[in-house]
Protein chains: 2
Amino acid sequence: MTPHDEGEAGEAGEAGPGRAGPGVSVPPSAWPTGRLLSAAARRVEREWDAYLERWSLTHASLPVLAVLAGGGRFQREIASELGVTEQTISRMLVGLERSGYLQRQRNDTDRRQHVVAITPGGRAALEALNDSVAVERLVAATLTPDQVAQLRGLLVRMLRPDAPGPRAPGPRAPELRASEGLPNGPGSQAPEG
Amino acid sequence: MTPHDEGEAGEAGEAGPGRAGPGVSVPPSAWPTGRLLSAAARRVEREWDAYLERWSLTHASLPVLAVLAGGGRFQREIASELGVTEQTISRMLVGLERSGYLQRQRNDTDRRQHVVAITPGGRAALEALNDSVAVERLVAATLTPDQVAQLRGLLVRMLRPDAPGPRAPGPRAPELRASEGLPNGPGSQAPEG
DNA sequence: TATTGTTATACTCTATAACTATA
DNA sequence: TATAGTTATAGAGTATAACAATA
């Protein structure tokens, strides 16, 4: 298959000869890492979500329980550890509390604070996730045990605290600027091969 | 591995003795693969989104352009290739078209169909993403070149067509059922560590 | 005034259901 | 009736801004 030699596809204005298109797809192996990450993240997130749905959890809410498994936390702490805003956490906690996975109560020392603690139910969910071979199978469907181990290692590395957090280092934008004048507007027949 | 068993890790936000909690954090290396995937997917997605923001793209919209790079498509085809609903694609296309990355026009043969084609601008964005060393650096910040290559290989494998698509094989739920009675309701003082 | 958390609002991604236009 | 796509509605996750309660 011709990797990224898609020059024959219909250009902007003219949608093509016969129909939609030849359906030429660049194989993932030829994708830049960026696109790979994009696709993999989506795939993982969605399958993982589909799986977590059984517990009314999501890829976003599960980490909250994971954090709480280590002990009670103030909302602000959870937000910080997860790298999201306090408002976001606030809403997620509502859902998790409603699901019975955690409980909140005001701190006696400082009534402004809410002490968030995981419930036995929350722990149970984590346990199930923990034991579950199903989780591994989710990935193992396409990876060998060796590869899964490899992937694990890489993921762990990526998640290391010294890794760039939610605030990416932002390798400043190239010459493109969608905000002020598009790269090569739909009209401009710029270099595009 | 016992999630809440390692009581030593970095005290997260140490709120104090009598406060929220011990702040015991289980290190990622001890997480089950599921949790790892969860965290990694979020991390990748968010950093990647932050990066793509420069082009008004997201981890979800970029794949659309990637598909279109292979040739014009009907909306239904894009939805299918991406594993999302046609309605979702419909809305994403609106945004991408507004950004000037693609154009739609009715099919002469069948007026119900819309032929979607990438514009030079869209190609330019993909190209930039393609060339950009920045993308690699996003990951390379925590991984060595060797590891990046390894990760790439694993991601490619995970994305292979013969891999389970959007519809996960659903390794049937364990004994838990959030829908009908929680694992160990907040009330039930079940085994909990 | 500063801190902790919530509500209000908005935007994206996602889904289902209902609708329009075309066949 | 079937098909292609859109609109309506909903919910999660996210963010910013404004607010309430407490200190």
Side-chain angles (χ1 to χ4, degrees), chain A residues 15 19-20 38-39 41-50 52-53 55-64 73-80 82-99 104-116 166-168, chain B residues 13 15-16 19-20 38-39 41-50 52-53 55-64 72-80 82-99 104-116 166-167:
Chain A
R19 262 186 251 66
S38 215
R42 276 182 87 234
R43 164 75 60 94
V44 166
E45 175 186 318
R46 295 174 65 190
E47 293 194 0
W48 189 221
D49 275 348
L52 292 175
E53 195 175 23
W55 292 276
S56 300
L57 290 172
T58 70
H59 69 283
S61 62
L62 173 59
V64 174
R73 295 282 198 290
F74 295 134
Q75 300 195 181
R76 181 158 288 192
E77 293 178 313
I78 301 173
S80 172
L82 261 38
V84 298
T85 65
E86 296 159 34
Q87 296 95 314
T88 294
I89 281 297
S90 178
R91 287 179 52 174
M92 274 197 278
L93 292 183
V94 170
L96 286 168
E97 185 168 38
R98 190 177 45 201
S99 292
R104 286 182 289 182
Q105 63 176 76
R106 307 203 83 108
N107 185 10
D108 284 338
T109 313
D110 187 331
R111 314 289 294 217
R112 293 171 303 183
Q113 300 176 313
H114 286 187
V115 176
V116 187
R167 302 287 71 191
Chain B
R19 300 312 207 307
S38 214
R42 276 182 86 236
R43 164 75 61 94
V44 166
E45 176 186 317
R46 294 173 65 190
E47 292 193 1
W48 190 222
D49 274 347
L52 292 175
E53 194 174 24
W55 292 276
S56 300
L57 290 171
T58 70
H59 69 285
S61 63
L62 172 58
V64 174
R73 294 283 197 290
F74 294 134
Q75 299 195 182
R76 181 159 288 190
E77 294 177 312
I78 301 172
S80 171
L82 260 38
V84 300
T85 64
E86 296 159 35
Q87 296 94 316
T88 295
I89 282 297
S90 178
R91 288 181 52 173
M92 273 197 279
L93 292 183
V94 169
L96 286 169
E97 186 168 37
R98 190 176 47 202
S99 292
R104 287 183 288 182
Q105 65 177 75
R106 306 202 85 108
N107 185 10
D108 285 337
T109 314
D110 188 331
R111 316 289 295 216
R112 293 171 305 183
Q113 300 176 314
H114 285 188
V115 176
V116 187
R167 304 285 70 192

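Scope of the values below: all heavy atoms of this structure, side chains included, with no hydrogens, waters or symmetry mates. Numbered from 1 within each chain, the chains take letters A, B, ... in sequence-line order.
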Closest to the side chain of H114(B), out of dT6(C), dC13(C), dG5(D), is dG5(D)

To the nearest Å, give me how far apart CG (L93(B)) and P (dT12(C)) are.
14 Å

Would you please say whether a donor-acceptor pair under 3.5 Å links the side chains of Q75(B) and R104(B)?
yes

May I ask you to verify whether the side chain of R91(B) and the base of dT14(C) hold a donor-acceptor pair under 3.5 Å?
yes

Residue T88(B), side-chain atoms from C-beta onward, closest of dT14(C), dA2(D), dT6(D):
dT14(C)

Specify the separation, in whole Å, of atom CG of L96(B) and atom C1' of dT12(C).
12 Å

Want to settle it: does Q75(A) or R111(B) sit nearer the 5' end of DNA chain C, counting the closest nucleotide to each?
Q75(A)

Rounded to whole Å, please give me the gap between CZ in R98(B) and C1' in dT12(C).
11 Å

If you take all heavy atoms of R73(A) and I78(A), which pair is closest and at what distance?
CB-CG1, 3.5 Å

Whole angstrom value for the distance that separates C1' of dA15(C) from CD1 of I89(B):
13 Å

Counting C-beta onward and ignoring hydrogens, is there a side-chain heavy-atom pair between E97(A) and V94(A) closer than 4.5 Å?
no

Upstream residue (5' side of DNA chain D) when A60(A) and R104(B) are each assigned their closest nucleotide:
R104(B)

Give the nucleotide from the list dT6(D), dA23(C), dT14(D) with an atom nearest to the side chain of D110(B).
dA23(C)

Mind calculating the distance between CD (Q87(A)) and C1' (dA17(D)) to the nearest angstrom?
9 Å

Counting C-beta onward and ignoring hydrogens, is there a side-chain heavy-atom pair between H114(A) and R106(A) closer than 4.5 Å?
yes

Does S90(B) have a side-chain nitrogen or oxygen under 4.0 Å from the phosphate oxygens OP1 or OP2 of dT6(D)?
yes

Main-chain N/O of F74(A) paired with E77(A) side-chain donor or acceptor, under 3.5 Å
yes

Please report the distance, rounded to the nearest Å, between CD in E86(B) and C1' in dC13(C).
16 Å

In whole angstrom, what separates R73(B)'s CZ from dG5(D)'s C1'?
18 Å

Under 4.0 Å from OP1 or OP2 of dA15(C): is there any side-chain N or O of T85(B) that close?
yes

In whole angstroms, how far is the C1' atom of dG5(C) from the CD atom of E77(A)?
14 Å

Considering every strand and a 4.0 Å limit on heavy-atom distances, what is the contact class for D49(A): base, sugar-phosphate, or nothing?
nothing

Quick check: any donor-acceptor pair below 3.5 Å linking the side-chain of R76(A) to the base of dT4(C)?
no

